[in-house]
Amino acid sequence: ERLLDYFEDVAKKYVIEASCQSQPFNKEAIENEEWLTQVSRMWINSQKDNEYFPIHSHRNCNISTVMYLKIPDFLPSRNPTRNEDGTITFINNAGNDPVWGTPFMTLHPEEGDFFIFPSSQLHLVYPFRTVDGVGERRSVSYNADFMSKQAYEDENHPENRMAEAQAKGMKQSNDPAV
């Protein structure tokens, strides 16, 4: 349970820092807010030579992570002009500005690297090769959700739940198909 607490604390720190960066004029309120985080899913990736993960994002959560536990010694890249073998690439889901931004960021992970990012962030993992052909790249990933305690209380307040139930009831009774 202490390990799960650690992962949820990391997610909470990420939420606070990312929120402060995206809303610098609300920094004090963000830092004073109580944030609730919960790991929703956790898994281990054990990739062998030539395995990869195609471009994807994660659904039904707010935050995704990957922590590298084991990285084998890779053979040199098959394409000497693009050293991407064994890398993880994050793909920009905003504009493609060649001056102030790039369409992607490719990283060569090392053991102990821990990346945390919005679950909607597109990413992919390139295959790798090792001398003996039996290398393993091992990582642990998890998805998490977050919400401010105030938003949680507002959402779950009995009056709000009653109003929501009444609205659903009114919608159903006004439905000509009923």
Side-chain angles (χ1 to χ4, degrees), residues 3-27 30-31 33 35-130 133 135-148 151:
L3 186 59
L4 186 60
D5 290 342
Y6 168 77
F7 288 134
E8 288 177 345
D9 190 52
V10 167
K12 186 182 301 184
K13 287 177 180 174
Y14 172 80
V15 167
I16 293 168
E17 187 62 34
S19 297
C20 286
Q21 287 180 18
S22 68
Q23 303 172 47
F25 299 111
N26 293 330
K27 184 177 180 179
I30 291 165
E31 291 177 337
E33 178 65 64
W35 293 95
L36 308 173
T37 55
Q38 181 176 18
V39 170
S40 57
R41 185 169 171 245
M42 183 177 278
W43 63 99
I44 294 175
N45 301 301
S46 177
Q47 292 181 280
K48 307 295 185 196
D49 280 53
N50 298 305
E51 292 183 339
Y52 66 97
F53 288 123
I55 188 170
H56 66 284
S57 63
H58 297 234
R59 298 177 187 212
N60 302 320
C61 59
N62 304 119
I63 298 168
S64 294
T65 69
V66 60
M67 180 178 6
Y68 289 91
L69 305 176
K70 181 178 181 181
I71 304 285
D73 291 327
F74 301 143
L75 285 173
S77 178
R78 288 173 265 214
N79 183 345
T81 62
R82 295 180 65 158
N83 185 18
E84 295 173 331
D85 288 10
T87 62
I88 184 169
T89 297
F90 295 96
I91 299 166
N92 184 351
N93 55 4
N96 188 5
D97 181 338
V99 177
W100 302 109
T102 60
F104 56 87
M105 178 175 65
T106 298
L107 303 169
H108 294 268
E110 297 180 7
E111 288 181 15
D113 282 350
F114 190 0
F115 303 122
I116 185 166
F117 49 95
S119 62
S120 61
Q121 177 72 58
L122 293 172
H123 56 288
L124 63 100
V125 178
Y126 283 95
F128 62 89
R129 298 174 303 134
T130 58
E136 178 190 14
R137 174 178 44 208
R138 189 179 312 136
S139 61
V140 63
S141 295
Y142 70 89
N143 292 336
D145 293 301
F146 71 90
M147 180 182 277
S148 73

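Here the structure is a predicted model, which means the values were calculated and not measured. Note that the numbering runs from 1 along the sequence shown for the chain.
Ionic pairing of K70 and E136 is present here: one or more N-O contacts between side-chain nitrogen and carboxylate oxygen are shorter than 4.0 angstrom.
A donor and an acceptor atom, one from each side chain of D145 and T37, are nowhere located under 3.5 Å apart. Counting only N and O atoms by type, the side chains of N45 and S139 include a donor and acceptor under 3.5 Å apart.
Ring centroids of F90 and F104 are separated by 6.0 Å or more, keeping the two rings apart. In this structure, F128 has its ring center under 6.0 Å from that of F74.
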Might you work through the side chain to side chain donor-acceptor pair (under 3.5 Å) test for S64 and N143, ending with a clear yes or no?
-> CA-CA 4 Å; S64 294; N143 292 336; 2.9 Å; yes

Does the pair T106 and T87 meet the rule for a side chain to side chain donor-acceptor pair (under 3.5 Å), with working shown?
-> CA-CA 6 Å; T106 298; T87 62; 5.1 Å; no

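With K12 as reference, I16 is the one residue of V10, V15, I16 to meet the side chain to side chain contact (heavy atoms under 4.5 Å, CB included) rule.
Within 6.0 Å of CG on D5 lie more than 12 heavy atoms contributed by other residues, nucleotides or ligands. Atom NZ of K13 sits in a sparse spot, with 12 or fewer heavy atoms from other residues, nucleotides or ligands closer than 6.0 Å. Remark: N79 CG is packed, more than 12 non-hydrogen atoms of other residues, nucleotides or ligands lying under 6.0 Å away. Within a 6.0 Å radius of CD1 in I55, other residues, nucleotides and ligands contribute more than 12 heavy atoms.
Side-chain atoms of P54 and L124, non-hydrogen and from C-beta on, never get closer than 4.5 Å to each other. For the pair L122/H56, no side-chain contact is recorded, criterion being any heavy-atom separation below 4.5 Å from C-beta on. By the 4.5 Å heavy-atom criterion applied to side chains, F53 and Q47 are counted as neighbours. The shortest side-chain heavy-atom distance between R41 and Y142 does not fall under the 4.5 Å cut-off.
Counting only distance, with no hydrogens or angles, the side chain of T130 and the backbone of D49 share no donor-acceptor pair below 3.5 Å.
Listed by chain and number, the residues in a ring-ring contact (aromatic ring centres under 6.0 Å, His included) with Y14 amount to none (sequence neighbours excluded).
Between F7 and F114, the ring planes lie perpendicular to each other; the angle is over 60°, past the 30° to 60° tilted range.
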